[in-house]
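Below, chains carry the letters A, B, ... as their sequence lines are ordered, and counting in each starts from 1.
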Protein chains: 2
Amino acid sequence: MNEECCPETPKCCDMRGLLSFHILWILSRKSMNGQEIAEELRKRKGAKPTAGTIYPALKELRNKGLVGMEKIGRATVYSLSEEGRKELQTACKYFCSVFGEIFHEYEEKS
Amino acid sequence: MNEECCPETPKCCDMRGLLSFHILWILSRKSMNGQEIAEELRKRKGAKPTAGTIYPALKELRNKGLVGMEKIGRATVYSLSEEGRKELQTACKYFCSVFGEIFHEYEEKS
DNA sequence: TATGATGTATCGGATGTCCTATAATTGTTT
DNA sequence: AAACAATTATAGGACATCCGATACATCATA
């Protein structure tokens, strides 16, 4: 764990949340199968989400029409739909508006 | 709603999460009572969390020793403890490491 | 063909975040 | 004192996110 980027995981407050948002963002760069997505999340968050986390989330995103899927061999490649791309923009805007201040303050100190 | 800062709330993916983190950050700037904290969250997120959201979260943070409280009249003023301040630093570092990329890309486009 | 590795998927349980509804307490106003 | 407003707080329910356990299909290899 943690060899790529992640500092200590905080014990203080729960850092759950925004998984679907994060997945959409990852898929916006490149279509991937479930394990690849999980690996991307590990690089960023320091812990690889398990099958019980990742597949229900992908299923829900599919149900909402935000991602599509295509079976290739044993892999299922997920990709962002047009609808997903539009919604991701909205979500990014919202996210940056909500948390931007925390970011900027942190970067000033670095 | 939304008169101060917030763009459209995304329907796509759930933007729940990081409430405790956000509260710690708010308290790091200024000690406040519950309603003031809720109002700060409204300014940032566009929707004011209700009593059933805010007080359980504050109770949990108190249980963890991250915030202290002092009754002043009918208000209960919450403040960051030393422990809370330390943990907030860890959490900020983690948060920025996880989501920094999304931020930077968004700001480049603006 | 058998074995193992890889990838997908669900189940059940825990926890955090969200709501509405309800209620108790304290301070102010009439 | 009575009525009202503000603040705190809990109860109960919904849902996303997290885990470990389990299972099955596919592909490569021995």
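- The minimum heavy-atom distance between Pro49(A) and Ala38(A), with the atom names listed, is CD-O, 3.7 Å.
- At the heavy-atom level, Ala75(B) lies under 4.0 Å from the strands shown only through sugar-phosphate atoms.
- Phosphate contact (OP1/OP2 of dT10(C), side-chain N/O of Lys59(A), threshold under 4.0 Å): present.
- For Glu70(B) and dT8(D), the CD to C1' distance is 16 Å, given to the nearest whole Å.
- Residue Ile54(A) contributes atom CD1, which lies 12 Å from atom P of dA9(C) at whole-angstrom precision.
- Taking the six-membered ring where the residue is Trp, Phe103(A) and His104(B) present perpendicular rings, their angle passing 60° and hence far from 30°.
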Salt bridge (Lys or Arg N to Asp or Glu O under 4.0 Å) assessment of Glu101(B) paired with Arg44(A):
CA-CA 9 Å; Glu101(B) 206 179 351; Arg44(A) 290 175 166 79; 3.0 Å; yes
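- The side chain of Arg74(B) lies closest to dA6(D) when the candidates are dA6(D), dT8(C), dA9(D).
- Contact check of residues 25-36 of chain B against DNA chain C (heavy atom, cut-off under 4.0 Å) returns no residues at all.
- Under the 4.5 Å side-chain contact rule for hydrophobic residues, Ile23(B) and Met69(B) share a cluster.
- Atom-to-atom, CD1 of Ile72(A) to C1' of dT8(C) comes out at 14 Å; the value is rounded to the nearest Å.
- Here dT8(D) is the nucleotide among dC27(D), dT8(D), dT26(C) with the atom lying nearest to any side-chain atom of Tyr55(B).
- A donor-acceptor distance shorter than 3.5 angstrom exists from the side chain of Ser81(B) to the backbone of Gly65(B), with no hydrogens or angles considered.
- Without hydrogens or angle criteria, Glu36(A) side chain to Asn33(A) main chain gives a donor-acceptor distance under 3.5 Å.
- Ser79(A) places no side-chain N or O within donor-acceptor distance of the main-chain N or O of Ser31(A), the cut-off being under 3.5 Å.
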Salt bridge (Lys or Arg N to Asp or Glu O under 4.0 Å) evaluation trace for Glu105(B) with Arg29(A):
CA-CA 12 Å; Glu105(B) 187 172 298; Arg29(A) 318 205 110 191; 2.2 Å; yes
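- Counting to the nearest Å, the C1' atom of dA9(C) and the CZ atom of Arg62(A) are 10 Å from each other.
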Walk along nucleotides 13-18 of chain D from 5' to 3' and tag each nucleotide B, S or - by protein heavy-atom contact under 4.0 Å, base first, then sugar-phosphate.
-BBSBB
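- Taking the six-membered ring for Trp and the full ring otherwise, Phe95(A) and Phe99(B) have centroids separated by under 6.0 Å.
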